[in-house]
Amino acid sequence: MLSFFHRFSKPPSLKKLPLKRYPIVDFSLNRLVAGVDNIHFDVHISPQVQNAIRRTAYLLMIKHSGSESFFQDYRKEHCENEKKALKQLCADMLMEGINRAKSEAEVQIDFLGQAALAKMFLEEIKHQYGLLTKNFADLFRTYELSYECDQFDCFKMKEKLAEIKRHQQRIVRLVGEELFQLLADIQVKGLLDIRQAIFPPESILPGNFHLNPMLHTDNVADDTFLMEAYVLLSQRAEDPDNYNSLKLIIYDLLGKTDFGREITTEGGANNKNTSGGPEEEDLLNAVGGALDPWIMDVDNIDRLFNCFDSQEQFARAKRKKESRDVLLELKGQMRMQLLLLNLFYRRFKEAQLMKRIMAAYEIKTLCSQYCPPLLPWQVREFLVKPAARKPLIRQLKRRKPSSGNSSSLVPLRRTIRRIRLSSSRKKKQYLLGFLKHFSQYHRDLNNGRLLKEAMEAISLVKEEKILLLSRENRSLYEFLLPDERGQEEKPIINHVILKADIRGSMDITYLMRARGLNPASYFSLNFFDPISEILFDYGGCKEFIEGDAIILSIFEKEDTPQGWYSVARACGLAIRMLQIVQQYNVKSQKHNLPILELGIGICYSEGSPAFLFDGDSRIMISPAINLADRLSGCNKMLRKRLQNQERMFNLFVFQNVTEKEMGATADDLFLRYNVNGIELSPEGFAKLARELNLKSLIYPVDNNEKVKLYTGKVPTITGRYQRLAIREAPVLEVDPASMQVIGETARKYYEVCTRPEIYEFIENQN
C-alpha cells in the first residue's frame with residue numbers, strides 16, 4: 001500500500017502553529033545516598049504532617065463514601081479546616097526540602113520530598129479506607145446489640161457498609177484526587193515562584209504532574225477506570241485501538257510533517273521509511289521520543305486539529321470586523337488544522353479505528369444497563385463487530401432481569417444505527433476528542449511511571465530504631481517543619497556588607513546651616529529612618545552609621561538555607577534604598593531643599609566576620625567592609641566630568657594604572673563614577689548566580705550598543721518576590737594624564753540596575 005502522505009503533493013506545514021513543549025523532567029534520585037538497607041532511600045516526614053494527613057484522609061473517606069450521617073462527630077466545616085491546615089503544613093515541609101536542596105545544590109532532594117509526600121498520601125488513603133470499614137462495622141455491631149436497635153436503621157447501616165465495600169475503588173480514587181489536588185495547588189500557587197528563582201526550568205515539575213488519575217488505581221488498564229478518567233482503549237494486541245498501535249500511528253503521521261521532521265532531526269532520530277515489522281516499530285518509538293514533549297501537551301491537540309474552534313473564532317472576528325491580517329491568520333490556521341485533521345481522519349478510517357473510537361464514547365451511557373453481565377469492552381464489541389453479537393445476546397438472555405425490559409437490545413441497536421449514520425463532521429469531532437484523551441493518557445502514563453518508580457525507591461521510616469540508625473549513618477533524609485528543628489543559634493557561615501555613601505554631604509550640611517536649617521534631622525528623616533523600616537524584609541542589620549554613610553550586613557547561618565540569599569537580598573535592599581531616597585527627593589525639591597545622591601557598594605565574603613566588643617557594643621571586622629567602601633566611592637574628577645549627562649546607567653569603572661601595578665597589590669585601584677549607582681563585587685555576582693536561577697539577555701541602547709544583563713527574582717523574608725537586573729560591563733582602560741578611553745580590559749564590573757525602563761524591557765521579554 002502506498003504511504004498515506006503520497007496521496008498529497010506536500011505534507012502539511014505546522015511551523016506556524018503556536019505549539020508548546022511539555023516539560024519532561026528527569027525525575028531521578030540516582031545521586032542521593034541509599035538508606036540502611038542499601039536499597040531504598042530513608043525518608044522521615046514531619047510527625048505533624050503525618051498526623052494531619054491521617055485526620056484529613058479519614059474525614060474525606062467519610063465524605064466520599066456518603067456516610068456523614070452515620071458519624072455524629074463529622075462536620076463539613078471541620079473537614080475543610082483540616083484540609084487547610086494540612087495544606088499549610090505540607091507547604092512548610094516542602095519549603096524545608098527546597099531549602100535543603102538549595103543548600104546542598106542538589107535538586108533531587110526536592111524531588112525526594114515530593115515523591116515521599118505523595119507516597120505517604122497514597123499509603124494513608126488505603127489505610128484510612130480500611131479503618132473506615134472497620135469503624136463502620138464496629139458501629140453496626142454496637143447498634144445491632146443495643147436496646148434501641150431499629151430494624152430499618154440496621155438495614156440501612158448494613159446496606160451502606162456493603163455499598164462502601166462495593167465502591168472501594170471509586171471512594172479511594174475520589175479521596176486521592178482531592179488530596180492530590182491540594183498537593184498540586186501547593187506546588188503551583190505556593191512554591192512555584194521560589195523554585196523558579198533557584199532551580200533551572202528543566203528541574204521544575206509541571207503543574208499537572210500530581211493530578212494523575214493513574215496514581216489512584218492498581219490497574220491502569222481497567223475498562224471502568226479508562227472510561228471514567230480517559231476513554232476506553234483495547235487491551236488486546238490484535239485490536240487496532242490498543243495503546244501501542246495508536247501511539248505508533250500518531251508518531252508516524254506527525255513524524256512525516258515538516259514540524260515532525262525538524263524536531264526529530266534535532267532530537268537525533270533519523271526519520272526514514274521502512275518496510276514494516278519490529279524494526280519500523282523501534283524506529284517510530286525513537287522518533288516518538290522527540291515528539292513526546294509536543295504530544296503530551298494536551299492543549300497542542302486543539303492547536304493542531306481544532307478547526308471547529310478556529311471556524312468559530314473566524315466567524316466572531318468577521319462579525320467584529322477585525323483587521324484583514326487577523327482574519328488571514330485565522331483563516332490560515334483553520335485551513336492547516338482542517339488539512340491535518342483530514343489526514344488523521346483518513347488514516348484512522350483506513351485502520352478501522354473510527355467505529356471503535358465512536359463506540360468508546362457511546363458505551364458510557366450503555367454500561368449502566370448492560371454491565372454486568374457484560375464487560376465494557378464486550379459492549380463495544382457488540383457495537384462494532386456483527387460477528388460478536390450473537391454470543392453476547394445469548395449471554396444477556398441468560399441473565400435474569402431484575403426489572404422490566406432491562407435486557408432489551410433496543411438501546412444497542414439505536415447506538416449502532418447512530419454510529420453508522422453519523423456525518424463526517426461528527427466523526428471528526430469524535431476523533432478530536434479522542435486525540436485529546438489519548439494525549440492526556442499518554443502524558444499521565446509517562447508521569448505516573450516516573451513518580452511510581454521514585455515512590456518504590458523510598459522507605460518511609462517511622463520506627464525509632466531505624467530512624468536512629470539511619471540518622472547516625474547520615475543516610476536519613478528528614479523533611480521537618482521549622483519548629484521541629486533545634487532552636488539554637490546557628491553559626492555564621494557567610495556574610496555580605498552593603499555600604500551606602502551620600503554624595504556631597506559636606507556641601508549639603510554647609511548650605512543647610514547657612515539657611516538656618518538642621519542637616520542632622522534632614523539626613524535622619526530622608527535617609528536613615530526610612531531605610532531602618534525596610535531592613536527586616538531583607539534580613540539586614542546596621543553595623544555602622546556615620547554622618548553621611550551607613551554600613552549594613554546580611555548574614556547566612558549554618559543549617560538555615562531559607563536565609564541563604566544574602567547577595568540577592570542585599571541587591572534588592574540597595575534598589576529599595578535608592579527608590580526611597582528618590583521619593584524623598586521629589587518632596588525636597590518641592591520645598592527647595594537639597595536632594596540626596598548615593599553611591600552603594602555590595603561585597604560578599606565567605607566565612608564569618610570577626611567581632612570585638614567595646615563595652616556592650618559589638619564591632620565587626622571584615623575585609624568586605626573595606627572593599628564595599630571602595631565600591632561605593634566616586635572619583636571627584638569623574639563626577640565633575642560626567643555630571644549633567646543623561647545616562648541609562650549610573651556606574652562606570654575605569655583603570656588608569658598598568659597591569660603590573662594592579663597585580664602588585666590586593667587593594668582596589670580602579671576609578672569609579674558612582675552616582676545613584678550600585679556596584680556588586682565579582683565574588684558577589686558569582687554567589688548571586690548560585691543563589692538564583694539567572695537568565696541572561698541583551699539590552700539594546702542608543703548608538704547600537706548592546707548591554708549584557710542578568711535577571712532573576714529574589715525572595716524577601718516576608719514572602720514577596722523582587723526582580724533584579726544586573727549589568728555586566730568591561731572595565732575601561734584610560735590614559736592617566738588625559739583620562740581618554742584607550743580600550744576595554746579583560747576585567748568585568750557589575751551594576752545592579754535601577755532604571756524602570758530596564759525592568760519594563762525584561763518583563764516584556766518573559
Side-chain angles (χ1 to χ4, degrees), residues 20-23 25 27 84 86-115 117-118 180-211 479 481-482 534 536-540 554 556 560-576 579 687-697 709-726 752-753 758-766:
K20 294 185 178 180
R21 192 180 192 280
Y22 185 81
V25 177
F27 195 81
K84 289 178 183 177
L86 173 63
K87 186 174 182 178
Q88 186 59 55
L89 289 172
C90 289
D92 292 344
M93 190 206 84
L94 288 173
M95 179 61 78
E96 285 289 296
I98 292 171
N99 289 330
R100 182 173 176 184
K102 174 183 177 295
S103 70
E104 298 187 21
E106 181 51 83
V107 71
Q108 290 189 359
I109 294 174
D110 183 33
F111 291 162
L112 183 69
Q114 295 179 68
L117 191 57
F180 274 77
Q181 180 64 61
L182 177 149
L183 182 57
D185 288 345
I186 294 169
Q187 309 285 27
V188 174
K189 299 175 184 176
L191 302 177
L192 181 60
D193 284 338
I194 185 65
R195 287 195 174 106
Q196 288 178 337
I198 60 178
F199 298 142
E202 62 271 16
S203 296
I204 301 173
L205 296 176
N208 52 31
F209 189 84
H210 295 94
L211 298 178
F479 295 89
L481 300 176
I534 64 170
F536 174 78
D537 287 354
Y538 300 92
I554 299 178
E556 291 182 356
T560 57
Q562 66 274 15
W564 292 353
Y565 298 96
S566 58
V567 176
R569 287 175 175 165
C571 293
L573 174 59
I575 293 171
R576 288 286 293 121
Q579 290 172 344
K687 175 64 162 56
L688 180 69
R690 298 195 295 272
E691 293 177 358
L692 304 181
N693 177 33
L694 292 179
K695 175 184 176 183
S696 66
L697 45 86
L709 297 178
Y710 295 89
T711 183
K713 284 186 177 180
V714 52
T716 65
I717 287 177
T718 53
R720 294 183 301 103
Y721 287 83
Q722 181 179 348
R723 171 71 66 182
L724 297 181
I726 312 295
V752 182
C753 301
I758 294 174
Y759 288 90
E760 289 172 9
F761 170 79
I762 292 171
E763 291 302 320
N764 291 332
Q765 297 298 304
N766 292 336

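Scope of the values below: all heavy atoms of this structure, side chains included, with no hydrogens, waters or symmetry mates.
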(request) Tell me yes or no: between the side chains of Q181 and D185, is some donor less than 3.5 Å from an acceptor? (result) yes
(request) Check the side chains of Y538 and Q722 for a donor-acceptor pair under 3.5 angstrom, ignoring hydrogens and angles. (result) yes
Atom pair [atom1]/[atom2] of [X] and [Y] - distance to nearest 0.5 Å:
{"X": "I762", "Y": "Y710", "atom1": "CD1", "atom2": "OH", "result": "13.0 Å"}
{"X": "M95", "Y": "I194", "atom1": "CE", "atom2": "CD1", "result": "5.0 Å"}
{"X": "L724", "Y": "L709", "atom1": "CG", "atom2": "CG", "result": "12.0 Å"}
{"X": "T718", "Y": "I534", "atom1": "OG1", "atom2": "CD1", "result": "11.0 Å"}
{"X": "L117", "Y": "L112", "atom1": "CG", "atom2": "CG", "result": "11.0 Å"}
{"X": "Q196", "Y": "D193", "atom1": "CD", "atom2": "CG", "result": "6.0 Å"}

List the atom of [X], the atom of [Y], and the distance in Å for their closest heavy-atom pair.
{"X": "A689", "Y": "L694", "value": "CA-CD1, 3.7 Å"}
{"X": "F199", "Y": "I204", "value": "O-CD1, 4.1 Å"}
{"X": "I109", "Y": "E104", "value": "CD1-OE1, 3.4 Å"}
{"X": "K687", "Y": "S566", "value": "NZ-OG, 3.9 Å"}
{"X": "V107", "Y": "S203", "value": "CG2-CB, 3.7 Å"}
{"X": "I758", "Y": "A725", "value": "CG2-CB, 4.1 Å"}

[X] side chain near [Y] side chain, heavy-atom distance below 4.5 Å:
{"X": "K102", "Y": "I98", "result": "no"}
{"X": "N693", "Y": "I198", "result": "no"}
{"X": "T711", "Y": "F761", "result": "no"}
{"X": "M93", "Y": "E96", "result": "no"}
{"X": "P715", "Y": "L692", "result": "yes"}
{"X": "L205", "Y": "R195", "result": "no"}

(message) Out of the candidates F27, F111, F180, only one should pair with F209 under the ring pair (Phe, Tyr, Trp, His ring centres under 6.0 Å) rule; please name it.
(response) F27
(message) Under the criterion side-chain contact (heavy atoms from CB on, under 4.5 Å), I'd like the reasoning laid out for E760 against E763: C-alpha separation, chi angles, the key distance, then a yes or no.
(response) CA-CA 5 Å; E760 289 172 9; E763 291 302 320; 5.8 Å; no
(request) Indicate yes or no for a side-chain donor-acceptor contact from E691 to the backbone of V567 under 3.5 Å, with no hydrogens or angles considered. (result) yes
(request) Evaluate the criterion side-chain contact (heavy atoms from CB on, under 4.5 Å) for residue pair D537 and I717; output intermediate values, then yes/no. (result) CA-CA 5 Å; D537 287 354; I717 287 177; 5.8 Å; no
(message) side-chain contact (heavy atoms from CB on, under 4.5 Å) for L573 and R569? Distances and angles first, verdict last.
(response) CA-CA 6 Å; L573 174 59; R569 287 175 175 165; over 6 Å; no
(message) Are there over 12 heavy-atom neighbours, none belonging to Y721, within less than 6.0 Å of that residue's OH?
(response) yes
